[in-house]
Amino acid sequence: MKYCCTRNSSEVVSAPQAIAQGISGDGGLFVPQSLPQYTQSDLAALAHCTYQERAVKILADFLPEFTREELEACAAAAYAPEKFSGGNPAPLSLQQEGELSMYLLELWHGPTCAFKDMALQLLPHLLTRSLQKTGEGKEAVILTATSGDTGKAALEGFRDVPGTKILVFYPEHGVSDMQKCQMAVQEGENVSVCAIEGNFDDAQTGVKQIFTDPAVKARLAERGMMFSSANSINWGRLLPQIVYYFSAYCDLMQTGELEAPGEKINIVVPTGNFGNILAAYYAREMGLPVHRLVCASNANNVLTEFLRTGVYDRNRPFHATISPSMDILVSSNLERLLYHMTGGDSGRVAGWMQQLNRTGRYQVDGAALARIQELFWAGCCGDSETKEAIRTLFQTERYLCDTHTAVAVNVYGQYVKETGDSRTPTVVVSTASPYKFAPSVLEAITGQPASGDEFAQVDELAALTGAPVPEPILRLRDKKVRFTGRCAKDGMAQAVLAMLG
């Protein structure tokens, strides 16, 4: 299994190189040259496995340089029961909304209460071993931009991991109070956090520019350091996300929810950077029986427009919404999908990315769009619809969901209404605990603006709904704030050097 660059397919690297490096020198992303294929008998075998065992099987097919013993150790450390409440990292919860039945795939039972834990508890183990295998002998500087959840999950995953430092940038006014609190109090001797005066796209663009800046890279090399990434631009971050889609299907097989072997399911994913739904695409291409991938966006509907028209245009108003982790106008992982939809034509992909950088816009050809639309359906909704979805699901099922999951629930309803496809079993990805966005969830339930600080709002929401507050959020109350730094978006490179001393 080798990996090539989306902008230059002649650049081929090993799995450890792809993970250690994170991103190509020209800004392209690494993708597998081929995908392992899973049969129905393979799925039947996986259905009898634990989540850790499923992870080891799938990881092994993509990481041939790792021994099975290494992968078992990585999975055991990442998905230990004490890290994920209940012992199952990715449980399914069947919920009804009117005539619709949907299986909510809860990916927020980890140490930071967001789906990013599913990958970022594993990535540090993969990365440190990859550095050993490539013989770099350098300290890895994990440089990350976050729209809210990746930052805390990456900080927690890499906290005090030997041979690493992690630096996280977040938009000062683009994350929830709870997300900001989680990052500001982060413990660990190798961690740093900085707010930027801008939005997530500014942070992400700045990080990419720093990654490919020869002067900054040279300064790091002088100190025996090298950059790597914890964002989903890193294949080692995206790969673990494939696992939970297979695991969800296997759980449906085990519980008898699927009527026949090989029965297809829909998967609905709330996404801004396209990584989470891209992992579902890879699972489908590997043989997971998937009928349709439904991409759910908030008011920043650049992905909805692209998947429906083939035009990607970031030249539009940026909306700060109540689902801030999806407030993104430049979806990095879409580049990987374009590579696959063009049959690996890295020249065309590089051209589109150049257009995006130059004009903020590109348009794919009819053949690529037709292939995309065979696989994907897209929809979006605003904050009022998001709140309505939270309120309705709680009133009808007593199920409390967060503002991102609610976007997916709303868009799934749109999909059924437009297509009539109400009978296909559907997995809706639930990406965060509602208590990470307590003010918005509380307002959705009560119809009144929330008051008090974030912890008072958590208490009120818990008293009102009876939904248990995750232990990691309860523990935040008494932690000391460590990070209050901020910088201009054009000062990120200097901030990196300063944070590294």
Side-chain angles (χ1 to χ4, degrees), residues 43 46-58 75-97 100-122 149 153 156 240-258 263 265-271 276-277 279-280 283 288 290 296 390 393-394 396-406 408-409 412 425-437 441 462 465-474:
L43 295 175
L46 283 175
H48 297 285
C49 296
T50 65
Y51 190 90
Q52 291 184 21
E53 291 167 341
R54 293 166 184 170
V56 170
K57 162 60 179 169
I58 293 169
Y79 303 120
E82 60 268 22
K83 289 187 175 182
F84 288 86
S85 59
N88 181 358
L92 285 167
S93 175
L94 173 62
Q95 299 297 326
Q96 305 285 139
E97 187 182 32
L100 299 182
S101 297
M102 53 191 173
Y103 301 90
L104 289 175
L105 177 59
E106 297 179 348
L107 301 177
W108 41 265
H109 293 281
T112 76
C113 307
F115 82 99
K116 308 296 177 73
D117 289 326
M118 301 299 298
L120 285 168
Q121 284 297 307
L122 182 63
D149 287 333
E156 189 65 28
Q241 295 180 258
I242 297 173
V243 176
Y244 50 70
Y245 292 111
F246 275 95
S247 186
Y249 191 89
C250 290
D251 285 347
L252 291 175
M253 293 174 64
Q254 275 291 84
T255 58
E257 301 289 342
L258 300 178
E263 182 178 1
I265 63 172
N266 295 323
I267 298 176
V268 186
V269 187
T271 185
N276 205 3
I277 198 168
L288 192 70
V290 175
I390 293 171
L393 192 57
F394 181 72
T396 58
E397 297 296 317
R398 307 301 292 178
Y399 186 90
L400 193 65
C401 74
D402 85 298
T403 51
H404 303 76
T405 305
V409 171
Y412 174 47
T426 297
V427 172
V428 175
V429 178
S430 180
T431 55
S433 164
Y435 287 103
K436 294 195 75 168
F437 308 94
V441 175
T465 66
V469 182
E471 188 63 30
I473 288 179
L474 291 175

Nearest heavy-atom pair of [X] and [Y]: which atoms, and what distance?
X	Y	result
A78	F84	O-CE1, 3.3 Å
V428	A408	CG1-CB, 3.7 Å
Y51	S247	CD1-OG, 3.2 Å
A432	D149	CB-OD2, 4.2 Å
A119	P240	CA-CB, 3.9 Å
L104	Q95	CD1-CG, 3.7 Å

Distance from [X] atom [atom1] to [Y] atom [atom2], nearest 0.5 Å?
X	Y	atom1	atom2	answer
D251	L46	CG	CG	11.0 Å
S430	L107	OG	CG	7.0 Å
D402	T431	CG	OG1	4.5 Å
E156	D117	CD	CG	8.0 Å
Q52	L122	CD	CG	10.5 Å
L92	T255	CG	OG1	7.5 Å

Do the non-hydrogen side-chain atoms of [X] and [Y] ever get within less than 4.5 Å of each other?
X	Y	result
P270	V429	yes
Y435	V441	no
I265	L258	yes
T112	P472	no
P425	E257	no

Do [X] side-chain atoms and [Y] backbone N/O form a donor-acceptor pair below 3.5 Å?
X	Y	result
K436	I473	no
Y79	M118	yes
R54	A47	yes
Y249	V290	no
K83	A77	yes

Between the side chains of Y245 and N276, is a donor N or O closer than 3.5 angstrom to an acceptor N or O? yes
Donor-acceptor side-chain pairing of S93 and Y399 below 3.5 angstrom: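 No, because no side-chain N or O of S93 sits under 3.5 Å from a partner of the opposite role on Y399.
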